[in-house]
Structure formats: structure tokens, C-alpha cells
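Worksheet for the structure shown next.
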Amino acid sequence: MDLGIKGRTALVLGASRGIGRGIATSLAREGARVAIASRTPEDLAKTAREIDGEVQVFTADTGNLQHLAEVPAEVAKQFGPVEILITNTGGPPPGGALDNDLQTWQAAYMSLVLAPRVLIEAVVPEMKKRSWGRIVNVGSSSTLQPILELNLSNAHRAAAVAFFKTLSTELAPHGITVNTVATGMFATDRLAGNEGSLDAAREVARESVPAGRLGEADEYGDLVAFLCSQRAAYLTGAVIPLDGGLVKTL
């Protein structure tokens, strides 16, 4: 299946490992020119060497919104204006509803809500000029079914989904789609940290996920590649579960 994104410029945040790397790999495989970004240039350089395709490395930190806003322009100098944006900004610390202090709440809001907003504001003008764009938010199943002890994620990812939904309505007339993937249990370093180890996470998945296993980054990447495709032009404003059947809501 030709997804129609060969030669398109994509910017993927949090792409040095895990889900972000899986997304970058799938987009590159489809012929997109992929800018991968995170806080760790050494990890990015290693990832770039291991992905087949046209890949460039850019440093980005969601804790520095001023520089983050400049990253799309840096990408444009190398590849041209960003036509595909993947906002993958990582997860905040665990904790119950009142366990984290206000500074930690503010940092989570900056990472999960303000950082995507800053990036989107930077890329949308050029997308509008081309009457084409794809924006995908790497979200969480917590927006469909809150997760105990992950209150910061529950609260701020829900706020992000509300922002993305509003944005999708405003941008649809311009040929720009905006979607969120509600991520379940995937084999990532973050999940291993939350569960104690990846083996422990796999055991939890065997008991709690109807599919009986963790998701893999390449599976995630392939879904996102489709959402970024020409064939998904009518799909916007959606929150799409990718969780092996974990979430029980309708």
C-alpha cells in the first residue's frame, strides 16, 4: 500500500528510543524525510545510524519552550517545512492525586500541553499554505480510563486531548488532520521503570491485556504512518486506542 508520504518532511519528538523511534522508523520506511528530536544527541545519533532512510538529528527539550519553538525552522533549513508533526513528549512522574508538588504539576503541563502547542503553532502556517498536514499526538489510554498512581498523566494528557480535538475542528478545512493515539502497555524503558523491569511488565500484560502481551514499537509506528498518510485524509479529531484491548470503555 502506497501511503503517499514519500518526500514529505516529518518531525518526530522523543525519537531516540521506544515509541518515538518506532514511529521515525516507519515514516522513514515509507520514504518520508525524518527529523528526529530529543534531549540526548548521542542517543539520537545512534538511532539515526540504525534507521534506513533520510534521517537528520535535532536537539529539543520540552523544558525549553523558546528553543522548542525554533526547532521546526531548523528542520526546514535541512528538509523543507514540516508537513508531519509527531508530538511525543514523554510521561511525567507517577503519583496519586495529591502526591506531586505544584512545581511537578507545572512541569507536566509544560511537557504534555504547552510543548505540543508551541510546536503546532510553529508548523501550522506552512501546512495551511500547502493545504496539507498531519499532526499526531502520542497520548495514553489514561485519557479513556484513568490509571491509578499516574495522576499527572491522567490530568494533563486529558487537557492535551481537549486541545487537539478543538484544533482538529479548526484545521480540517485546511487539509490538516489532528489525531491522538491512546497508548496502552508497550515494551519501553518508561514502562519497565514503572513496573520494576520489562519482564515484570510482560507478566502484568499477560494478566491484564486481552491480547496477552506488550505492544511493540514497530506496531505503533505502522499505525502512526497510516494516520500520516494520504489515505487517512478523512480521519481527524479521533482518539484511537492502541492497547491490545486493555481499556474497557465503549
Side-chain angles (χ1 to χ4, degrees), residues 5-92 107-108 110-130 132-139 160 164 167 176 178-181 183 188-190 217-218 220-221 224-225 227-229:
I5 57 174
K6 184 176 181 179
R8 297 283 189 184
T9 298
L11 171 57
V12 184
L13 271 290
S16 62
R17 63 183 69 187
I19 286 170
R21 175 178 171 144
I23 294 169
T25 300
S26 292
L27 291 174
R29 187 185 302 122
E30 294 298 324
R33 296 174 294 187
V34 183
I36 58 174
S38 81
R39 292 176 295 181
T40 51
E42 298 83 5
D43 290 345
L44 283 171
K46 180 175 183 294
T47 296
R49 290 193 297 269
E50 294 172 350
I51 295 177
D52 291 331
E54 197 171 354
V55 181
Q56 291 284 345
V57 169
F58 297 85
T59 303
D61 184 351
T62 57
N64 185 343
L65 297 182
Q66 182 175 350
H67 176 253
L68 194 65
E70 298 168 355
V71 172
E74 296 173 6
V75 173
K77 291 176 183 177
Q78 297 287 329
F79 281 153
V82 173
E83 298 162 286
I84 295 169
L85 174 65
I86 312 300
T87 59
N88 174 35
T89 54
M110 182 180 292
S111 174
L112 296 177
V113 182
L114 294 185
R117 189 235 184 245
V118 161
L119 287 166
I120 290 166
E121 185 176 27
V123 303
V124 159
E126 289 292 339
M127 289 182 177
K128 285 182 175 179
K129 285 181 183 179
R130 288 163 172 72
W132 198 95
R134 300 289 183 265
I135 301 171
V136 179
N137 175 40
V138 174
F164 274 75
L167 189 69
I176 303 168
V178 183
N179 292 293
T180 294
V181 179
T183 311
T188 63
D189 291 342
R190 173 170 169 77
D218 59 344
Y220 204 109
V224 172
L227 293 176
C228 296
S229 73

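The distance from the CG atom of N137 to the CG atom of L167 is 10.5 Å, given to the nearest 0.5 Å. Distance OG1/T183 to OH/Y220: 2.5 Å, rounded to 0.5 Å. With values rounded to the nearest 0.5 angstrom, T47 atom OG1 is found 8.5 Å from R49 atom CZ. Distance CD1/I86 to CG/L27: 5.5 Å, rounded to 0.5 Å.
Every side-chain contact (heavy atoms from CB on, under 4.5 Å) that V124 has, sequence neighbours left out, goes to I120, K128, I135, L171. Every residue two or more places apart in sequence or in another chain that forms a side-chain contact (heavy atoms from CB on, under 4.5 Å) with S229 is listed here: L3, F226, R231, A232. Considering only residues two or more places apart in sequence or on other chains, A122 meets the side-chain contact (heavy atoms from CB on, under 4.5 Å) condition with P72. Not counting sequence neighbours, F164 has no partner by the ring pair (Phe, Tyr, Trp, His ring centres under 6.0 Å) test. Applying the salt bridge (Lys or Arg N to Asp or Glu O under 4.0 Å) test to E42 and every residue at least two apart in sequence or in another chain returns nothing. Every residue two or more places apart in sequence or in another chain was checked for a side-chain hydrogen bond (donor to acceptor under 3.5 Å, both in side chains) with T188, and none qualifies. In terms of the side-chain hydrogen bond (donor to acceptor under 3.5 Å, both in side chains) criterion, residue partners of E121 (sequence neighbours excluded) are, by chain and number, R117. Legend: residues meeting side-chain hydrogen bond (donor to acceptor under 3.5 Å, both in side chains) with R39, ordered by chain and number and at least two apart, are absent. With sequence neighbours left out, the side-chain contact (heavy atoms from CB on, under 4.5 Å) criterion links A108 to P92, L152, H156. Under the side-chain hydrogen bond (donor to acceptor under 3.5 Å, both in side chains) criterion, N88 pairs with no residue, sequence neighbours left out.
Contact of the L119 side chain with the L68 side chain is registered, since non-hydrogen atoms from C-beta on lie closer than 4.5 Å. V138 has its side chain out of reach of V181: every pair of non-hydrogen atoms, C-beta onward, lies at least 4.5 Å apart. Looking at heavy atoms from C-beta onward, I176 lies out of side-chain contact with W132 at the 4.5 angstrom threshold. With a 4.5 Å cut-off on side-chain heavy atoms, V34 and F79 do not count as touching. The shortest distance between side-chain heavy atoms of R130 and P81 falls below 4.5 Å. Inter-residue side-chain proximity for P116 and L112 is flagged as unmet; no heavy-atom pair is nearer than 4.5 Å.
Evaluation of the salt bridge (charged side-chain N to carboxylate O under 4.0 Å, His left out) test over residues 57-85, restricted to residues two or more places apart or in two chains, returns R8-E83. Applying the side-chain hydrogen bond (donor to acceptor under 3.5 Å, both in side chains) test to every pair with at least one member in residues 16-27, sequence neighbours left out, gives these pairs: R17-D43, R17-D189, R21-E50, S26-D222.
Summarising the geometry of V55 relative to A28, their closest heavy-atom pair is CG2-CB, 4.4 Å, with the distance given to 0.1 Å. When every heavy atom of I5 is checked against every heavy atom of A225, the shortest pair comes out as CD1-O, 4.4 Å. Of all heavy-atom pairs spanning T89 and A115, the tightest one is CG2-CB, 4.3 Å. Nearest heavy atoms, T62 versus S111: OG1-OG, 3.7 Å. Contact between R33 and T9 at its shortest, heavy atoms only, is NH2-OG1, 3.2 Å. Across M127 and G133, no two heavy atoms sit closer than the pair SD-CA, 3.8 Å.
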The test is side chain to side chain contact (heavy atoms under 4.5 Å, CB included); show your working for M110 and L65 and say whether it passes. CA-CA 8 Å; M110 182 180 292; L65 297 182; 3.9 Å; yes

Test log, rule side chain to side chain contact (heavy atoms under 4.5 Å, CB included), inputs C228 and V136: CA-CA 8 Å; C228 296; V136 179; 3.9 Å; yes

Between T87 and L13, does a side chain to side chain contact (heavy atoms under 4.5 Å, CB included) hold up when you go through it step by step? CA-CA 6 Å; T87 59; L13 271 290; 5.8 Å; no

Start with the C-alpha distance between F58 and I36, add both sets of side-chain angles, then the distance that settles side chain to side chain contact (heavy atoms under 4.5 Å, CB included), and finish with yes or no. CA-CA 6 Å; F58 297 85; I36 58 174; over 6 Å; no

